[in-house]
Number of protein chains: 2
Amino acid sequence: MKRDSRLSGLLHVLLHMAGRDVPVTSEHLARIMQTNPVVIRRIMAGLRKRGYVSSGKGHGGGWVLARDLAEITLRDVHEALGEPELLAIGHRTEAPSCLIEQAVNAALADSFREAEAMLLARLGTVTLAMLHADFSARLALRGRAEGSCP
Amino acid sequence: MKRDSRLSGLLHVLLHMAGRDVPVTSEHLARIMQTNPVVIRRIMAGLRKRGYVSSGKGHGGGWVLARDLAEITLRDVHEALGEPELLAIGHRTEAPSCLIEQAVNAALADSFREAEAMLLARLGTVTLAMLHADFSARLALRGRAEGSCP
DNA sequence: CATCATGTAATTATAGAAGTTACATGAAAA
DNA sequence: TTTTCATGTAACTTCTATAATTACATGATG
């Protein structure tokens with residue numbers, strides 16, 4: 001089962017935007033993410049709706065951060081993506097009539113809920129500012145090199 | 001991202017086997033799971049290798065439980081499936097050269113590890129015997145009805 | 001008004017899992 | 001001992017969810 005890397009990718013893109021004060025085009029971001037501009041627009045739409053970024057058309061248009069990095073948590077970004085499933089495993093049947101399967105579902109559901117809640121809580125404590133600080137620390141360690149992709 | 005229901009399905013099958021003392025054919029199990037006998041054999045192979053079930057060929061052949069339900073945890077079953085991924089989200093790049101992406105990965109990795117460890121620990125505390133007891137309780141509540149699929 | 005960039009619907013391509021076929025192996029019954 | 005039945009696997013064929021692409025509309029800027 002292939003793992004969804006949109007959260008990871010979107011965080012990458014947001015931190016790249018953080019460095020710049022001019023709008024960044026979807027095409028530019030797509031190059032960084034090695035994907036298609038349309039995919040970027042689709043993903044960014046959720047962030048725009050929540051006011052984390054804004055977009056402009058025409059010459060000099062593109063995407064800019066609309067909030068401070070410290071105000072955005074990883075959980076916020078996850079929600080902006082439409083709260084995709086966190087767990088890779090699930091029930092075979094959602095509302096089974098078979099009592100055996102009901103018992104199976106009940107046992108699994110508890111564990112699933114707990115793990116999801118924990119992960120969400122954890123994501124809620126990490127801000128983009130923290131990630132950016134970590135990046136800066138890594139950059140300092142590595143020396144003068146660029147350190148990030150184009 | 002579609003969730004993997006093999007664990008759920010396999011548990012269902014195992015509990016159905018628990019009731020009977022005669023071998024159950026792959027074809028029969030496939031009917032319960034609404035799938036193909038070959039799929040059943042593929043999945044059961046992992047359980048057999050670990051000694052949880054045994055299989056016999058020819059007339060009167062099929063699958064039987066080789067261990068007590070109390071000796072098998074949900075974690076054991078998960079491992080018998082080949083330890084499929086538990087989390088639906090992951091890193092975009094596993095070993096990125098971009099320092100920004102390294103920071104992103106590091107932040108996510110902590111949360112991921114923690115959630116996975118917790119879920120595995122949780123699955124390790126639940127035995128098939130517990131699930132069977134839960135099934136029996138549900139059966140008692142419902143009355144005389146069959147309660148489980150064929 | 002020409003160009004550039006986003007906004008979105010519609011379509012196509014791709015990859016991974018599930019399902020199926022085919023046939024070999026071996027056990028029990030006739 | 002021959003037939004039937006069931007597993008054991010490899011090979012192949014759908015199937016399906018997602019990403020990628022195409023196409024075109026909207027609107028801003030020089």
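In what follows, chains carry the letters A, B, and so on, assigned in the order in which the sequence lines appear, proteins first and then strands, with residues in each chain numbered from 1. No hydrogens, no waters, no symmetry mates; every other heavy atom, side chains included, goes into these values.
The CD atom of A/E85 sits 14 Å away from the P atom of D/dA17 (whole-angstrom rounding). As a whole-Å value, the separation of A/K57 NZ from C/dG7 P is 6 Å. Following rounding to the nearest Å, A/E27 (CD) and C/dG7 (P) show an atom-to-atom distance of 15 Å. Remark: P of C/dT8 and CE of A/M44 are 14 Å apart, rounded to the nearest angstrom. Taking atom CG of residue B/D4 and atom C1' of nucleotide C/dG16, one finds them 12 Å apart after rounding to whole Å. The nearest whole Å value for the distance from the CZ atom in B/R3 to the C1' atom in C/dA17 is 17 Å. B/I43 has its CD1 atom 15 Å from the C1' atom of D/dT9, to the nearest Å. To the nearest angstrom, P of C/dG19 lies 10 Å from CD of B/Q34.
The two residues B/A30 and B/N36 come nearest to each other via the heavy atoms CB-C, 3.7 Å.
Among the nucleotides C/dT20, D/dT21, D/dT26, the one closest to the side chain of B/V39 is C/dT20. For B/K2, whose side chain is taken as the heavy atoms from C-beta onward, the closest listed nucleotide among D/dG8, D/dA17, D/dA20 is D/dA17. Side-chain atoms of A/N36 lie closest to D/dA20 of the nucleotides C/dT20, D/dA20, D/dG8. Side-chain proximity of B/V38 to the nucleotides C/dA22, C/dA29, C/dG19 is greatest for C/dA22.
Between A/S26 and C/dT6 there is a side-chain N or O to OP1 or OP2 distance below 4.0 Å. The side chain of A/S55 contributes no N or O atom lying less than 4.0 Å from OP1 or OP2 of C/dA5. Look at A/T35 and you'll find a side-chain N or O under 4.0 angstrom from OP1 or OP2 of D/dA20. Residue A/R41 has a polar side-chain atom (N or O) positioned under 4.0 Å from OP1 or OP2 of C/dT6.
Toward the 5' end of DNA chain D, the nearer of the two residues A/H59 and A/R6, judged by each one's closest nucleotide, is A/R6.
The residue A/G60 sits apart from the nucleic acid: no heavy atom pair falls under 4.0 Å.
Side-chain to base pairing of B/R42 with C/dG19: one donor and one acceptor N or O lie within less than 3.5 Å of each other.
Here the straight-line distance linking atom CG of B/D134 with atom CD1 of A/I100 works out to 11.0 Å at 0.5 Å rounding.
For the pair A/R122 and B/F112, the cation-pi test (distance below 6.0 Å, angle within 45°) is failed.
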Evaluate the criterion side-chain contact (heavy atoms from CB on, under 4.5 Å) for residue pair B/D68 and B/E71; output intermediate values, then yes/no.
-> CA-CA 5 Å; B/D68 192 89; B/E71 294 174 48; 3.4 Å; yes

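No side-chain donor-acceptor contact under 3.5 Å links A/W63 and A/S54.
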